[in-house]
Structures are given as structure tokens and as C-alpha cells.
Amino acid sequence: MKLHYYPETDSLYIELTQEPGVETREVVDGVNVDIDARGNLVGFDIDRAANRLDLSSLETTALPLRSYRIG
């Protein structure tokens with residue numbers, strides 16, 4: 001899983017898998033989900049992310065991580 005923040009558009013993309021998305025569906029105003037060819041969830045795109053979310057911190061709880069990077 002990867003988080004991509006784009007300050008120029010204030011959007012946050014949460015990439016769940018590296019599979020290419022073939023369809024995008026808007027689930028609520030400004031929140032879209034990407035779906036792969038098999039109907040699986042690929043990622044979420046959140047518009048106006050800084051207004052909707054607290055982007056000042058990131059917390060995880062009990063994730064079975066093998067590795068992590070801060071970049």
C-alpha cells in the first residue's frame with residue numbers, strides 16, 4: 001500500500017495494489033475508487049484531502065509490515 005499526496009491539486013491517492021485500474025467510480029462527492037479488470041479495488045482518490053482529513057500525522061496499528069519507507 002502506498003499513499004500519494006499531490007499538493008498542487010490537494011488530492012490523496014491511496015494505492016492498495018499495483019494492478020492497473022480499468023474503471024473509476026465516484027462513491028461520494030470528491031471520493032473515487034479505482035477497480036481492476038477482475039472487479040477488485042485498486043485504490044482511492046480523495047479530492048480536497050487537506051480539508052477532509054488531518055494530513056499532519058500518520059498512525060498505524062498492528063499492521064503486519066515487512067518493511068516501510070519514509071520518503
Side-chain angles (χ1 to χ4, degrees):
M1 179 184 337
K2 294 180 183 178
L3 304 176
H4 305 270
Y5 179 67
Y6 302 97
E8 62 279 357
T9 59
D10 187 25
S11 64
L12 176 68
Y13 189 76
I14 303 169
E15 179 184 328
L16 302 174
T17 177
Q18 293 182 355
E19 292 294 318
V22 297
E23 181 181 351
T24 300
R25 298 179 188 166
E26 185 174 47
V27 292
V28 295
D29 182 41
V31 178
N32 298 297
V33 296
D34 289 334
I35 310 295
D36 71 11
R38 294 179 307 232
N40 297 315
L41 187 59
V42 172
F44 297 91
D45 186 34
I46 303 170
D47 296 334
R48 300 179 308 281
N51 293 328
R52 296 173 183 251
L53 308 167
D54 177 5
L55 299 177
S56 65
S57 67
L58 176 65
E59 182 178 328
T60 64
T61 304
L63 289 177
L65 299 177
R66 291 185 311 228
S67 68
Y68 66 93
R69 280 190 301 151
I70 299 174

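Here the side chains of D47 and E26 are not in contact, with every heavy-atom distance at 4.5 Å or above. With a 4.5 Å cut-off on side-chain heavy atoms, R52 and I46 count as touching. A 4.5 Å side-chain heavy-atom check between L58 and L3 finds at least one atom pair inside the cut-off. Side chains of V33 and L41 form a contact here, defined as non-hydrogen atoms less than 4.5 Å apart.
Closest non-hydrogen pair, G21 versus V42, comes out as CA-CG2, 4.2 Å. When all heavy atoms of T61 and E59 are compared, the pair lying nearest together is OG1-OE2, 4.1 Å. The shortest non-hydrogen separation linking A49 to Y5 is CB-CE1, 4.3 Å. The two residues N51 and D10 have their closest heavy-atom pair at N-OD2, 4.1 Å.
Interatomic distance, CE of M1 versus CG of L65, reported as 9.0 Å (0.5 Å rounding). K2 contributes atom NZ, which lies 12.5 Å from atom CG of L16 (distance to the nearest 0.5 angstrom). Atom-to-atom distance recorded for F44:CZ and L12:CG is 11.0 Å, nearest 0.5 angstrom. Rounded to the nearest 0.5 Å, atoms CD (E23) and CG (D34) are 9.5 Å apart.
Surrounding CD of E8 are more than 12 heavy atoms belonging to other residues, nucleotides or ligands, all under 6.0 Å away.
One hydrophobic cluster, built from ILVMFWY side chains closer than 4.5 Å, holds both L55 and I14. Under the 4.5 Å side-chain contact rule for hydrophobic residues, V28 and Y13 do not share a cluster.
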